Amino acid sequence: LVRSRGLGDVYKRQVVERPATPSPAVSDHKSIVICLSEEPDTLYEYSGNTQTADYVKSVLGYGRYSFLTRADFDYQPVALEDLPTVDNGGVVLEKITINPGDTIAYVDPATGDIITDTTALDAPIELNQFAMTFKIQPGLKWEDGTPITAADYELSFKLSLEPSSPSSIRLVGERTAEFVMLDDNTQQVKLLPGFLPADYVQIMWDPMPAHILGGMAITDIPNSDFARHPLSFGPFKMAEWVAGQSIRVVKNDAYWREDYPQLDEVTFKFVSTPDQLLAQLSSGACDVVTEDSLTVEQIPLLDQAAAQGLLVPYYERNTIWEHIDFGMTSVDGRYQFFGPLGYTDLGDLNSADPASWVDSPAWAAAKTVRKAFAACIDRQRMADEALAGHSSVIHSIVPENHPMWPTEGLVQYEYNPDLGKELLALAGWTETDGDGFVDRNGIKFQITLNTTTDNPMRETIARRVQEDLRVCGVDVVIDQLP
């Protein structure tokens, strides 16, 4: 997020004498303007799938934002009495045995596919099955004062399974074995055996107003007035949607949390281009701009505006990172590392048993090559160039501020091209013909780096990889894909 400070503290005032006039009364009305990069197509929970719509729906209560929130790499309960866990009895993990011919559906852990025909099984299988109980705070109401009941959650689950529902939502519903409301405030969800999502705590359903939608044909809801002005059970409610300009929401007096919200009004303003967003942020026309609305190339401009006191940018580290994946290709039944040119032949490998591959001498050589690449590439310089100094090299799948960051035993690969050359030589790659590139068995070490077009950050990364590996004698061909 980026917050504007306004311009008042960066310009000198010219003092002139004027007749005294009464000071206007200070308004207690608190409001902000949040600028988005595009206008949502709908606010109906089970139609459309845009980030900008999610921002608006979140203040109306939808998207589970009324029930839980996420900060510091963990979830916190809001309208839930507590997060379901194994320790508090909210999560039950049961081992299920499935025999050939059993009438049961399950999820194949290897593919994620739903399997309904068990006659194809050669023998019984055992799978884990998740069951969660969500206890909701009592007293939740719709903005019109109608209490939220079990019927609202049951309708929501039904709507989520409709073909028009976004695939990510429908996928979870289709992999749910049971959805039961034990009472108006207790939701119980049992997943199909084999479906074990890491973020199981999010697998609950928002309510949908049965007293409004219950008598409406399901196919009519996406095009109804409700889709543009959904009934709120969150801190704000819809006030107006001016097509092409903005959405305005105001304080919901029926919201269950005492003393919230602390704002009276929020306006979501649509601004079409990143440059216009930055200009309006700097001028004070926008108070907040969401991170998805800006681009990496604007980081220097953000920093410049921050130095002038025009705005405050926030750079946050999370669990998403840019990475390069090494390809393996099967050619005539023999697996080869780095693609079809076969620079490291892994031999005849059993594709059904990847764990056995590590016994291959060629696999060990490929591991040495990967270590060489880590030493040859100046990743800190890459991060500085791509993200203007606002990131750093990670040495684990989580950043240093994550609670799961290992305190010991972590191997860190520092930039050391001389070591990289030694490791390449250890794997059999040396420079023999004077062309500046290492080779083995007469084959030059050339790889193709696939990246995406129209992404300046990834273009910077690709160039840095190409230049750094060239120093170590590896030829990198950049292939930009649409």
Side-chain angles (χ1 to χ4, degrees), residues 1-2 70-74 198 291-292 294-304 306 313-328 337-338 344 364-427 429 438 445 447-452 455-480:
L1 298 181
V2 183
R70 188 173 184 175
D72 298 328
F73 306 105
D74 201 0
E291 55 87 17
D292 57 298
L294 300 173
T295 64
V296 170
E297 303 85 74
Q298 290 178 300
I299 291 179
L301 295 175
L302 289 171
D303 291 342
Q304 181 181 355
Y314 294 88
Y315 301 99
E316 181 124 356
R317 301 192 66 189
N318 56 30
T319 53
I320 300 173
W321 73 94
E322 290 285 324
H323 54 93
I324 294 176
D325 298 316
F326 293 87
M328 280 183 25
F337 192 74
F338 292 133
T344 302
K367 182 177 179 181
T368 302
V369 169
R370 294 199 302 274
K371 289 182 177 180
F373 276 29
C376 288
I377 299 172
D378 190 348
R379 291 179 291 157
Q380 185 58 60
R381 181 179 176 185
M382 176 192 298
D384 290 341
E385 292 177 350
L387 295 171
H390 290 290
S391 186
S392 60
V393 174
I394 63 171
H395 300 281
S396 172
I397 61 172
V398 295
E400 292 93 332
N401 58 335
H402 195 283
M404 298 299 292
W405 173 261
T407 56
E408 58 183 22
L410 182 64
V411 178
Q412 299 189 17
Y413 295 92
E414 304 296 340
Y415 175 56
N416 187 339
D418 290 335
L419 174 61
K421 294 175 183 177
E422 293 176 9
L423 290 170
L424 286 173
L426 185 63
W429 295 97
V438 296
F445 200 153
I447 62 173
T448 299
L449 175 57
N450 295 324
T451 188
T452 51
N455 190 318
M457 180 184 70
R458 289 182 177 168
E459 291 175 5
T460 298
I461 291 173
R463 286 195 302 271
R464 174 54 44 208
V465 170
Q466 184 183 54
E467 293 174 8
D468 286 352
L469 288 182
R470 175 66 181 84
V471 173
C472 287
V474 177
D475 186 22
V476 178
V477 177
I478 299 174
D479 185 13
Q480 293 182 299

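These figures come from a predicted structure and were not determined experimentally.
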Measure the shortest side-chain to side-chain distance between [X] and [Y] over non-hydrogen atoms and say whether it is less than 4.5 angstrom.
X    : Y    : value
E322 : M382 : no
V465 : I324 : yes
L410 : S396 : yes
T460 : V296 : no
R470 : Q466 : no

Closest contact, heavy atoms only, [X] versus [Y]:
X    : Y    : answer
G420 : A372 : O-CB, 3.5 Å
S391 : D384 : O-OD1, 4.1 Å
A386 : M457 : CB-CG, 3.8 Å
Y413 : K371 : OH-CE, 3.7 Å
A462 : T451 : CB-CG2, 4.3 Å
P313 : A306 : CD-CB, 3.5 Å

>> List the residues meeting salt bridge (charged side-chain N to carboxylate O under 4.0 Å, His left out) with E467, not counting sequence neighbours, and say none if there are none.
In response: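 E467 satisfies salt bridge (charged side-chain N to carboxylate O under 4.0 Å, His left out) with R464 only.
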>> Suppose the criterion is ring-ring contact (aromatic ring centres under 6.0 Å, His included): which pairs have a residue in residues 389-410, not counting sequence neighbours?
In response: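 Passing the test, one end in residues 389-410: F73-H402, Y315-H390.
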Under the side chain to side chain contact (heavy atoms under 4.5 Å, CB included) test, which residues partner [X], sequence neighbours left out?
X    : result
W321 : H323, I394, I397
D378 : Q380, R381, Y415, D468
Q298 : P274, D275, L278, L294, T295

Can you tell me how far [atom2] of [Y] sits from [atom1] of [X], rounded to the nearest 0.5 angstrom?
X    : Y    : atom1 : atom2 : result
C472 : F445 : SG    : CZ    : 10.5 Å
I299 : D303 : CD1   : CG    : 7.0 Å
I377 : N416 : CD1   : CG    : 13.5 Å
D418 : L423 : CG    : CG    : 11.0 Å

> So, the side chain of R458 versus the backbone of Q480: is there a donor-acceptor pair under 3.5 Å, distance only?
Replying inline: no
> Mind checking what makes side-chain hydrogen bond (donor to acceptor under 3.5 Å, both in side chains) contact with D292, not counting sequence neighbours?
Replying inline: Y55, T290
>> Are more than 12 heavy atoms, taken from residues, nucleotides or ligands other than E316, located less than 6.0 Å from that residue's CD atom?
In response: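 Counting neighbours around CD of E316, 12 or fewer heavy atoms of other residues, nucleotides or ligands fall under 6.0 Å, so no.
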> Is the number of heavy atoms from other residues, nucleotides or ligands under 6.0 Å of D479 CG greater than 12?
Replying inline: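 Correct, the count exceeds 12.
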